[in-house]
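Since the structure comes first, as structure tokens, the remarks are kept for the end.
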Amino acid sequence: MIITVDGPAASGKGTLAKKLAAHYGLPHLDTGLLYRGVGYLMMQSGHALDDAAMAARVAQELDLFKIDQEHLRSDEVGEAASKVAAIPGVRAALLKLQQDFARQPGGAVLDGRDTGTVIAPDADVKLFVTASPEVRAKRRHIELAARRTPVEYCAVISDIKKRDERDSERSIAPLKPAPDAVLLDTTDLDIEAAFRAAIEIVEAPRAGRTRP
Ligand code: DC
């Protein structure tokens, strides 16, 4: 079974995807980490984030195992990832790896922005996870404080809105629900309630129900 989980920054899609993968015993790929890896390496080497040729080369040679994952979690790297992700050569370089991951025997869970639209359009279940920008910013704000990198709430929400706009309005593989994706709004749900709702969506056809 292939499950895709797409959605904007801090919507809860990553946590949900991880929980779904554990529940169904499937491997999980956080596709955002690939773009974060490229953004991080571009920043590290001092290249401009709009240097398309260099970013594509970095993507072609990317080895995530060589990067300490802790370096990839910051909002600064998220912002860089969002910028390099709009470069067609970067997306092309990362495409096959993601498609191969999705098509491995037994299936997989992938989360990101275009996993249901571009990477695995034939997925068995597609979730599109959303939440209001205010709630997403609140969650991110708490997460950053826990990691001892306190940032003003207004800076967090402004970054989230900027990132939403860039990811949704780029011409290649923009953030949008696949036509057959099921929308899951987690604005008023905690993680356990969101997980129960996601399981309901996955299980609906098996129980003889159509997906909402
Ligand atoms: O999910 P995330 O916050 O880790 O993603 C970081 C950025 O990477 C996001 O702002 C846009 C980009 N991205 C993408 O373009 N396509 C994906 N499938 C995953 C992430």
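Please read all numbers here as calculations on a predicted model, not as lab measurements. Each ligand, and each atom within it, is numbered from 1 in the order the structure gives.
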- Between R166, E79, R113, K162, flag the one that comes closest to atom 17 (C) of ligand 1 by a heavy atom. R113
- Message: Nearest non-hydrogen contact with atom 18 (N) of ligand 1 belongs to which option: T115, L34, D114?
- Response: D114
Protein contact to [atom] [nearest heavy atom, distance to 0.1 Å]:
atom	result
atom 4 (O) of ligand 1	R36 NE, 2.7 Å
atom 12 (C) of ligand 1	A85 CB, 3.7 Å
atom 16 (N) of ligand 1	R91 NH2, 3.0 Å
atom 19 (C) of ligand 1	T31 OG1, 3.4 Å
atom 8 (O) of ligand 1	Y35 CB, 3.5 Å
atom 6 (C) of ligand 1	R163 NH1, 3.5 Å

[X], any N or O under 3.5 Å of ligand 1 N or O:
X	result
Q98	no
D30	no
D111	no

- Message: Test side-chain hydrogen bond (donor to acceptor under 3.5 Å, both in side chains) on R163 and S82; report intermediate values, then the result.
- Response: CA-CA 7 Å; R163 194 125 75 89; S82 170; 5.4 Å; no
[X] and [Y]: which non-hydrogen atoms are nearest, and at how many Å?
X	Y	value
A56	A93	O-CB, 4.1 Å
A102	I2	O-CD1, 3.3 Å
M43	A80	SD-CB, 3.5 Å
P121	V118	CD-O, 3.4 Å
A131	D185	CA-OD1, 3.8 Å

Could you list which atoms of ligand 1 come closer than 4.0 Å to a heavy atom of [X]?
X	answer
A81	6 (C), 7 (C), 8 (O)
R170	14 (C), 15 (O), 16 (N)
G112	18 (N), 19 (C)
K13	1 (O)

- Message: Quick one, K18 with V109, criterion side-chain contact (heavy atoms from CB on, under 4.5 Å). Give me CA distance, side-chain angles, the key distance, then yes/no.
- Response: CA-CA 8 Å; K18 245 183 255 153; V109 181; over 6 Å; no
- Message: When you compare the side chains of T186 and R139, does any donor N or O come within less than 3.5 Å of an acceptor on the partner?
- Response: yes
- Item | H141 and Y153 aromatic ring geometry - parallel, tilted or perpendicular at 30°/60° bounds | perpendicular
- Should D167 and R113 count as an ion pair when the cut-off is N to O under 4.0 Å? yes
